[in-house]
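See structure below.
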Amino acid sequence: MKKTTYKWLALAAVLTLMLALAACGGKEKAKEEEKSGGSDSSYKVEHAMGTTEVKSNKRVVVLTNEGTEAVLALGVKPVGAVKSWLGDPWYDHIKDDMDGVEVVGDESAVNVEKIAALKPDLIIGNKMRQEKQYDELNKIAPTVFAEDLRGDWKINFELYSKALNKEEKGKEVLAAFDKRIEDFKAEAGDKLKTEVSMVRFMPGKSRIYHQDSFSGVILKQIGFARPGDQNNPDFAEEVTQERIPDMDGDMLFYFTYETGDGKATETEKEWTNNPLWKNLGAVKEGNAHKVSDAIWNTAGGVKAANLMIDDLEKYFLEK
């Protein structure tokens, strides 16, 4: 074989090796980008307000409680977030992860000036809450909005994972949650036939919660039976004390939206001292349990969803 041929073969081998190393390097870089919050190269996200091009996601501001839980679960600490509905300023179950995060108002009243001062490169919000501020926010930084805050929380979570360019991590988080559901179902067996009722006490009013609520969606995924009208696909129904008998179930969970002024607690005491409440089968049999409003309703995110499963394991599987 001629020397020239040897030279060409040697050159080809070197080029092949270089390409292989480059491919490996690209894969490693992609992994690092996924861990750190994504690439600096731009990408497009379709959402409730249209399509947005995101150029960077290093400084994120989140404008919903469930959005905050999502970005934390995806390994991102926001530079700013709206105040938790309960807590000062964060829910107990996320406060350790939120040290140093700037409060930028609440979901219903975001502080645009504070958001701008943080110089974010990505804003995540919600059409149901902040549609009127969208254009103003989008001038500050690329802004991605979810459609609403009711129903299947996973829909918003998947959008947030796309907004952060962390779809693979998002799939891992959801897969882990779904596995918990399947494990629970397998262990619960016939206990899934238990009719589970959910009630919420608020300042001066009370609600029975249906399938299209945060906790209702989770109960439905597990496969629990629901009593009476709670099987309907709506969100919730505000009721008077005459409707207390409709709150009964084999197992009753109630939660109270107490912000600190004592008014919701007064509602809870008034209703639970009503003879109609005391006559409920679940109450008489010791199957009425008070649970966290933040976990079962208000927070609405993936961390709360997992903590709700913890509660269900406690009451149904005695863990």
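No more than 12 heavy atoms of other residues, nucleotides or ligands lie within 6.0 Å of CG in D229, so this atom counts as exposed by the packing criterion. Counted within 6.0 Å of CD on Q241, heavy atoms from surrounding residues, nucleotides or ligands total more than 12; the atom is thus considered enclosed. Within a 6.0 Å sphere centred on CG of D99, heavy atoms belonging to other residues, nucleotides or ligands number 12 at most. Crowding of K154 atom NZ: a count of heavy atoms from other residues, nucleotides or ligands under 6.0 Å exceeding 12.
Inspection of the H93 and E69 side chains reveals an N or O donor paired with an N or O acceptor under 3.5 Å. For the 3.5 Å distance criterion, the side chains of N126 and Y134 fail to qualify, holding no donor opposite an acceptor.
The existence of a salt bridge linking K171 and E168 is confirmed by a sub-4.0 Å separation between a basic side-chain nitrogen and an acidic carboxylate oxygen. A salt bridge is defined here as a Lys NZ or Arg NE, NH1 or NH2 lying under 4.0 Å from an Asp or Glu carboxylate O, and E53 with K44 fails to meet this definition. A salt bridge links K179 and D183; the closest N-O separation between the charged side-chain nitrogens and carboxylate oxygens is under 4.0 Å. With salt bridges taken as basic N to acidic carboxylate O contacts below 4.0 Å, one links D246 and R243. Look at E258 and K263 and you find no salt bridge, because none of the NZ, NE, NH1 or NH2 atoms lies under 4.0 Å from a carboxylate O. Taking a cutoff of 4.0 Å between a charged side-chain nitrogen and a carboxylate oxygen, D311 and K314 do not qualify as a salt bridge. Ionic pairing of K83 and E107 is not present here: no N-O contact between side-chain nitrogen and carboxylate oxygen is shorter than 4.0 angstrom. Electrostatic pairing of K220 and D152 does not count as a salt bridge here, judged by no charged N lying under 4.0 Å from a carboxylate O. Note on E268 versus K290: salt bridge recorded, some NZ/NE/NH1/NH2 to OD/OE distance being below 4.0 Å.
Between the CG atom in N297 and the CZ atom in F255 there is a gap of 5.0 Å [rounded to 0.5 Å]. In this structure, CD on E270 lies 8.0 Å from OG on S206, to the nearest 0.5 angstrom.
The same ILVMFWY cluster, assembled from side-chain heavy atoms under 4.5 Å apart, contains both L192 and I218. Clustering ILVMFWY residues whenever any of their side-chain heavy atoms sit less than 4.5 angstrom apart, transitively, puts V112 in the very cluster that holds M49. Residues L174 and I309 fall within the same hydrophobic cluster, defined by Ile, Leu, Val, Met, Phe, Trp and Tyr side chains chained together at heavy-atom separations under 4.5 Å. No continuous path of hydrophobic side-chain contacts links M251 to V199 [ILVMFWY only; heavy atoms under 4.5 Å]. Cluster annotation: F177 and F157 are assigned to the same hydrophobic cluster (Ile/Leu/Val/Met/Phe/Trp/Tyr, side-chain heavy-atom contacts under 4.5 Å, transitive).
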Are F253 and Y315 close enough, and set up right, to give a ring pair (Phe, Tyr, Trp, His ring centres under 6.0 Å), and what steps lead you there? CA-CA 10 Å; F253 294 102; Y315 290 110; 5.5 Å; yes
Could you pull out all donor-acceptor pairs under 3.5 Å where a side-chain atom in residues 279-286 meets a protein atom, sequence neighbours excluded?
from : atom 1 : to   : atom 2 : distance (Å)
N279 : OD1    : K284 : NZ     : 3.3

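Figure legend: cation-pi geometry between R200 and Y254 absent, as NZ or CZ is not positioned both under 6.0 Å from the six-membered ring centre and within 45° of its axis.
Cluster partners of M128, by chain and number: L149. The rule joins Ile, Leu, Val, Met, Phe, Trp and Tyr whenever side-chain heavy atoms lie under 4.5 Å apart.
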